[in-house]
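Read the structure below first, then the notes.
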2 protein chains.
Amino acid sequence: MSKPLVAPEAGAVELETVDDVLALVRARGGRATSSRRVILDVLFEAQDHLTAEDLTEAVQARAPDVHISTVYRNLEDLQRLGVIVHSHLGHGPATYQLASLAHAHFICSTCGARVEAPDEWFGSLAQKAKSQLGFTIDPHHFAIVGRCASCS
Amino acid sequence: MSKPLVAPEAGAVELETVDDVLALVRARGGRATSSRRVILDVLFEAQDHLTAEDLTEAVQARAPDVHISTVYRNLEDLQRLGVIVHSHLGHGPATYQLASLAHAHFICSTCGARVEAPDEWFGSLAQKAKSQLGFTIDPHHFAIVGRCASCS
DNA sequence: GTGCTTGCAAACGTTTTGCAGACTC
DNA sequence: GAGTCTGCAAAACGTTTGCAAGCAC
C-alpha cells in the first residue's frame with residue numbers, strides 16, 4: 001500500500017472486514033443493525049465507487065425495506081468513523097467507497113471518462129502546498145477535470 | 001498573464017469589456033438584452049467568485065425584475081461562449097467568474113478557508129497526466145481539499 | 001428499559017425546465 | 001416578423017430532517 005499523503009483518521013486502520021467495522025461501531029456506542037450490516041456488505045464487495053442510489057439499489061436487492069435515507073445516515077456515520085470516504089467526480093451525485101481504497105481521479109469534461117490518478121503524481125504539489133502554505137492536501141475528494149486523450 | 005495549462009476556448013480571447021462580450025453574443029446570433037448587460041456588468045466588476053445567488057442579488061440591486069432563472073440561463077450561455085467559468089469550491093453552490101481570472105484553489109475541509117493555488121504548482125502533475133495518459137488537466141474546476149495550517 | 005436506529009414523508013438548497021408574453025434585430 | 005430571451009411557476013435533483021415506531025443492547 002502506498003504511503004498516504006494525509007494521515008488516516010483514527011479508527012481507519014485495521015478494518016478489514018464488516019465485522020471489524022461493526023465492532024468499532026459498537027465500541028462507539030452504536031448498534032449493529034441488519035441494515036448497517038447489509039450496507040457494509042455491499043461497500044466491502046464493491047470494487048467501484050458507488051453513489052448513494054447505486055448502493056441503495058444493491059442493498060434493497062437483499063433487504064428491500066432499507067430506505068435511502070437510512071443509507072445516507074449510515075454513510076454519514078461511517079465517514080465520521082473514517083471507514084469510508086466520499087468524492088465528487090463530476091456534476092452528479094457523490095460517490096462512496098472504503099477509505100482504504102481511496103485514490104485521486106481525472107475526469108474528462110467532454111466525454112466523462114474517468115481515470116485513476118496515482119497519488120505519487122501529487123507529490124510535488126503536496127510539497128509546495130505544505131512548505132509554502134502549511135496546507136496538507138487530500139487529492140482524493142474532488143476529481144481533477146480536464147480533457148482525455150481522445151477528446152483533446 | 002501566465003501561460004494557461006489548457007488552451008482557452010475559441011472566443012475567450014480579447015474580451016476585455018462588456019461590449020466586447022455583447023458583440024460576441026451578437027456575432028453568434030444572440031441578443032444584447034438589458035438583463036444580459038447587467039449580469040455582465042456585475043461579473044466584470046466583481047473581484048471575487050460569485051454564486052448564482054450572489055450575482056442575482058447584485059443584479060437585482062440595479063434591475064429588480066431579473067429572475068434567478070434568467071441569471072442561470074445567461075451563465076450557461078456565457079460559459080458556452082468561453083467568457084466565464086464556474087468552479088466548485090466545496091459542498092455549496094458553484095461559483096462563477098470571468099474565464100481570464102480563473103485559478104486553482106485549496107480549501108480546508110475543517111474550517112472552509114480558501115487559498116488560491118498558483119498554476120505553476122500543477123506543472124509536474126500536468127506533465128505526468130499528459131505524457132502518461134494523454135490527459136490535459138484543468139486544475140481550476142474543482143478545488144483541492146485538505147487541511148490548512150491552523151487546522152492541521 | 002434506555003436510547004440508538006429505522007421507515008416514511010416532507011423539506012431542503014441548488015439548478016433546470018415549460019410556457020406564454022416581451023423584446024432585439 | 002422571426003426568432004431569441006424573459007419572468008414566473010413548477011419540477012427536478014441529490015440530500016437532509018422530524019417524527020413516531022422498532023430494535024439492539
Side-chain angles (χ1 to χ4, degrees), chain A residues 18-19 21-40 49-57 59-60 62-81 83-96 141-142, chain B residues 18-19 21-40 42 49-57 59-60 62-81 83-96 112 141-142:
Chain A
V18 170
D19 286 319
V21 176
L22 289 175
L24 173 63
V25 166
R26 254 184 290 214
R28 300 286 176 97
R31 306 282 152 85
T33 66
S34 54
S35 312
R36 195 108 81 196
R37 185 180 292 275
V38 178
I39 290 167
L40 282 165
H49 310 76
L50 296 173
T51 65
E53 200 175 1
D54 293 340
L55 183 45
T56 303
E57 203 172 319
V59 165
Q60 288 178 343
R62 305 182 196 184
D65 286 348
V66 175
H67 196 269
I68 194 166
S69 66
T70 299
V71 170
Y72 274 111
R73 280 192 270 232
N74 273 277
L75 288 172
E76 204 188 307
D77 294 344
L78 292 171
Q79 281 184 259
R80 201 174 302 119
L81 292 176
V83 175
I84 60 170
V85 293
H86 78 271
S87 40
H88 300 274
L89 307 185
H91 283 168
T95 62
Y96 298 82
H141 192 77
F142 285 117
Chain B
V18 171
D19 286 320
V21 176
L22 289 175
L24 173 63
V25 166
R26 253 182 294 214
R28 300 288 175 94
R31 307 280 151 86
T33 66
S34 52
S35 314
R36 193 108 83 194
R37 186 178 290 275
V38 178
I39 289 166
L40 282 165
V42 174
H49 309 77
L50 296 173
T51 65
E53 199 174 5
D54 293 340
L55 181 47
T56 303
E57 203 172 320
V59 165
Q60 288 178 343
R62 304 181 196 184
D65 286 347
V66 174
H67 197 268
I68 193 166
S69 66
T70 300
V71 171
Y72 274 110
R73 281 193 268 232
N74 272 277
L75 288 172
E76 203 189 308
D77 293 344
L78 292 170
Q79 286 187 98
R80 201 173 302 119
L81 292 176
V83 175
I84 61 171
V85 293
H86 78 271
S87 39
H88 300 274
L89 306 184
H91 284 166
T95 62
Y96 298 81
H141 192 76
F142 284 117

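Computed over heavy atoms, backbone and side chain alike; hydrogens, waters and symmetry mates excluded. Residue numbering restarts at 1 for every chain, and letters A, B, ... go by the order of the sequence lines.
Residues forming a salt bridge (charged side-chain N to carboxylate O under 4.0 Å, His left out) with B/Glu76 (at least two apart in sequence, or on another chain): B/Arg80. Partners of B/Thr33 according to the side-chain contact (heavy atoms from CB on, under 4.5 Å) rule, which considers only residues two or more places apart in sequence or in another chain, are B/Arg31, B/Ser35, B/Arg36. Partners of B/Ala23 according to the side-chain contact (heavy atoms from CB on, under 4.5 Å) rule, which considers only residues two or more places apart in sequence or in another chain, do not exist here.
Atom CZ of B/Arg80 and atom C1' of C/dT16 are 13 Å apart (whole Å). Remark: C1' of C/dT5 and CZ of A/Arg37 are 15 Å apart, rounded to the nearest angstrom. A/Gln60 places its CD atom 13 Å from the C1' atom of C/dC8, with the value rounded to the nearest Å. Atom-to-atom, CZ of A/Arg26 to P of D/dC23 comes out at 17 Å; the value is rounded to the nearest Å. Between the CG atom of B/Leu89 and the C1' atom of C/dT14 there is a distance of 15 Å, rounded to whole Å.
When A/Leu50, A/Val38, A/Val66 are each tested for a side chain to side chain contact (heavy atoms under 4.5 Å, CB included) with A/Val71, only one passes: A/Val66.
For the atom pair B/Leu22 CG and B/Leu40 CG, the distance stands at 5.5 Å (nearest 0.5 Å). With rounding to the nearest 0.5 angstrom, the NE2 atom of A/His67 is 9.0 Å from the OG1 atom of A/Thr56. How far CZ of A/Arg73 is from CD1 of A/Ile68: 12.0 Å, rounded to the nearest 0.5 Å. Within the model, atoms CZ of A/Phe142 and CG of A/Leu89 stand 10.5 Å from one another, a figure rounded to the nearest 0.5 Å. Atom CD of A/Gln60 is separated from atom CG of A/Leu55 by 10.0 Å, given to the nearest 0.5 angstrom.
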What protein N or O atoms touch nucleotides 2-5 of chain D N or O atoms at under 3.5 angstrom, if any, and at what distances?
residue : atom : partner : partner atom : Å
D/dG3   : N2   : B/Arg31 : NH1          : 2.7
D/dG3   : N3   : B/Arg31 : NH1          : 3.3
D/dT4   : O4'  : B/Arg31 : NH1          : 3.2
D/dC5   : OP1  : B/Arg31 : N            : 2.9
D/dC5   : OP1  : B/Arg36 : NH2          : 2.1
D/dC5   : O5'  : B/Arg36 : NH2          : 3.4

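A perpendicular orientation is assigned to the rings of A/His86 and A/His141, their planes being inclined by more than 60° (bins at 30° and 60°).
Considering every non-hydrogen atom in both B/Tyr96 and B/Ile84, the closest pair reads CD2-CD1, 4.1 Å.
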Seminar exercise, completed: Counting primed atoms, P, OP1 and OP2 as sugar-phosphate and everything else as base, the B/S/- map of nucleotides 8-17 of chain D against protein heavy atoms under 4.0 Å is B-----SBBB

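One axis for each end of the helix from C/dG1-D/dC25 to C/dC25-D/dG1, each built from five base pairs, and the angle between them comes to 30° at 10° resolution.
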